[in-house]
Amino acid sequence: MGRKIVRQLWVFTILLLVSINLCCNLVHGEPQVPCYFVFGDSLSDTGNNNGLLTLARVNYPPYGIDFPRGPTGRFSNGRNLVDVIAELLGFSHYIPPFATARGLKILEGVNYASGAAGIRDESGRNQLIRISFNQQLLNHQITVNRIASLMRNNRPSAVQYLGKCIYTVGIGTNDYINKYFLPRLYSTSRKYTPDQYAGVLIQEFSEQLRRLYKTGARKIALFGIGAIGSTPFEVDKCGGTNITSLCSAKINSAVQLFNERLKSLVTDLNTNLIDAKFTFIDYFGIGLSSAAASADAPCCEAESETGLCVPFSTPCQNRTQYSFWDAFHPTEISNVVVGRRAYKATLPTDAVPYDISHLAQV
């Protein structure tokens, strides 16, 4: 009986410390949720790839030229999408990458995203080492165990706590650009039609999301895949600058097959999982409807093979007028636009059934 009381007091103390920390953030805006967990690829990576033997690593200039701490592993000139969302949720700091997250800080969230990662384990292997979504889920289980340990192994309290957090998952791009549309390296496009492949991906993604749900996650925003056929890298590979070319349109059409199935998956998960609150964010639609003046060229000098910025090169000066930072990834201003509309929808189609601001409240 005494041990039970001590354990309950310890859990109360931990939660009190978190509450005090949240209160201390009032100057910056009180966080609307106790924690924020991030899963995904290079659009969300904040440094998990820095120590890996990989081509998908950007901890060098000119990356981070507009970020206060310089090059951190973010695939942008400044903040990335999940940085913007963290700010809008009221956090006074950015969510730390799993590679460096330690101690009580994990109670406020962890970022597991990894450049070149995909839904399928083999996606992106042409980029060498990356942390697939399956491995990200395993890493999250490590965090869940650590949180339970901080609460004196009171797992019910840990699960209840995790159910209040926001989770974002933005993955699937590399299952296309670094797998399906690389026929010289992968046989996937010869085995599956675009519609069949979208079905295969969604089936595996569904199983992975159910595993995430079992760890205690309840408020989960799923980002659809963007118009990757319209990125400077793919447009150039298609042999032209017209984003409506047949080649670009073919890629975007395949991606939209995935996005449509993802919307249906959200409905299915919300219907069949108790207290589940999944929502779909239309990255494709938001991105195309809010493109900057220069939407067909990268701001930095990009390497032809990787699409990443040439190390230590000098980027464009008018970065707020560019949609793309390198040949694949958006500029900070593009991330701000998408992040704001994901948080507070401008159009009914931006977020279904609710945007992230409402997801935080339900």
Side-chain angles (χ1 to χ4, degrees), residues 38 40-50 54-67 70-85 94 97 111 113-118 123-124 126-127 130-131 168 170-178 181 223-237 243 248 251-252 255 281 283-284 286-288 290-292 294-311 313 315-316 319-339 342:
V38 178
D41 51 33
S42 54
L43 295 175
S44 304
D45 191 349
T46 56
N48 282 309
N49 278 18
N50 289 352
T54 180
L55 297 176
R57 185 173 64 184
V58 293
N59 53 339
Y60 57 82
Y63 288 93
I65 189 172
D66 297 312
F67 194 73
T72 57
R74 288 165 168 82
F75 290 70
S76 186
N77 57 304
R79 292 166 294 169
N80 67 15
L81 174 62
V82 298
D83 292 329
V84 175
I85 291 172
Y94 300 122
N111 184 327
S114 171
S123 297
N126 52 299
Q127 301 293 316
R130 68 275 171 227
I131 308 166
T168 58
I171 203 158
T173 296
N174 290 295
D175 295 286
Y176 284 94
I177 61 173
N178 278 313
F181 289 110
F223 281 84
I225 302 174
I228 55 179
S230 304
T231 61
F233 187 89
E234 294 298 336
V235 169
D236 183 64
K237 196 167 78 170
I243 64 172
S248 293
I251 297 172
N252 286 339
V255 163
I281 307 296
Y283 194 109
F284 190 105
I286 296 173
L288 283 185
S290 56
S294 297
D296 57 357
C299 173
C300 74
E301 179 187 355
E303 295 181 333
S304 59
E305 286 298 313
T306 65
L308 301 178
C309 296
V310 172
S313 59
C316 68
R319 292 184 281 277
T320 58
Q321 296 178 32
Y322 278 74
S323 289
F324 292 97
W325 166 241
D326 58 25
F328 277 122
H329 304 98
T331 51
E332 179 181 68
I333 189 66
S334 295
N335 287 324
V336 169
V337 171
V338 175

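From a predicted model like this one, the values you see are computed outputs, not experimental measurements.
Going from atom CG of N77 over to atom CZ of F324 covers 13.0 Å, rounded to the nearest 0.5 Å. Distance check: D41 CG to N174 CG gives 5.5 Å after rounding to the nearest 0.5 Å. For the atom pair CG (L55) and CG (L308), the distance works out to 8.5 Å, reported to the nearest 0.5 Å.
Across all their heavy atoms, I251 and E234 have their closest contact at CD1-OE1, 3.6 Å. Between P298 and A302 the shortest heavy-atom distance is CG-CB, 4.4 Å. Closest non-hydrogen pair, R130 versus A116, comes out as CG-O, 3.6 Å. Pairing each heavy atom of N49 with each of S114, the nearest pair is OD1-OG, 2.6 Å. Summarising the geometry of S44 relative to V38, their closest heavy-atom pair is CB-CG1, 3.8 Å, with the distance given to 0.1 Å. Across G47 and P97, no two heavy atoms sit closer than the pair C-CB, 4.3 Å.
In this structure N80 satisfies the side-chain hydrogen bond (donor to acceptor under 3.5 Å, both in side chains) test with no other residue, sequence neighbours excluded. F233 pairs by the ring pair (Phe, Tyr, Trp, His ring centres under 6.0 Å) definition with F328, not counting sequence neighbours. By the ring pair (Phe, Tyr, Trp, His ring centres under 6.0 Å) test, Y94 is found to be paired with F67, residues two or more places apart in sequence or in another chain being considered. Y176 is linked by a ring pair (Phe, Tyr, Trp, His ring centres under 6.0 Å) to Y197, counting only residues two or more places apart in sequence or in another chain. Considering only residues two or more places apart in sequence or on other chains, T168 meets the side-chain hydrogen bond (donor to acceptor under 3.5 Å, both in side chains) condition with Y36. Applying the ring pair (Phe, Tyr, Trp, His ring centres under 6.0 Å) test to F75 and every residue at least two apart in sequence or in another chain returns H329.
In this structure, the side chains of I131 and N48 come closer than 4.5 Å at one or more pairs of heavy atoms. The shortest side-chain heavy-atom distance between R319 and I333 does not fall under the 4.5 Å cut-off. Using a 4.5 Å heavy-atom threshold, the side chains of N178 and S123 count as separate. Residues W325 and I65 meet the side-chain proximity criterion, which asks for heavy atoms closer than 4.5 Å. Here the side chains of I286 and I281 are in contact, with some heavy-atom distance below 4.5 Å. Using a 4.5 Å heavy-atom threshold, the side chains of L43 and P330 count as touching.
As summarised for C300 and C316, their two SG atoms remain at a distance no smaller than 2.5 angstrom, missing the threshold.
A distance-only check finds no donor-acceptor pair linking the side chain of D175 to the backbone of G118 [under 3.5 Å]. Put simply, the side chain of Y322 never gets that close to the backbone of T331: no donor and acceptor are under 3.5 Å apart. Of the possible polar contacts, none joining the E303 side chain to the V310 backbone as a donor-acceptor pair under 3.5 Å is found.
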Q: Report the C-alpha separation of N335 and D83 in whole Å, then their side-chain angles, then the decisive distance to 0.1 Å, and conclude whether the side chain to side chain contact (heavy atoms under 4.5 Å, CB included) test is met.
A: CA-CA 9 Å; N335 287 324; D83 292 329; over 6 Å; no
Q: Please assess N252 against S230 for the test side chain to side chain donor-acceptor pair (under 3.5 Å), listing each intermediate value before the final yes or no.
A: CA-CA 8 Å; N252 286 339; S230 304; 3.1 Å; yes
Q: Kindly determine whether R74 and T72 satisfy side chain to side chain donor-acceptor pair (under 3.5 Å), including the steps that lead there.
A: CA-CA 6 Å; R74 288 165 168 82; T72 57; 2.8 Å; yes
Q: Could you walk me through whether V235 and D296 pass the side chain to side chain contact (heavy atoms under 4.5 Å, CB included) test, one step at a time?
A: CA-CA 8 Å; V235 169; D296 57 357; over 6 Å; no
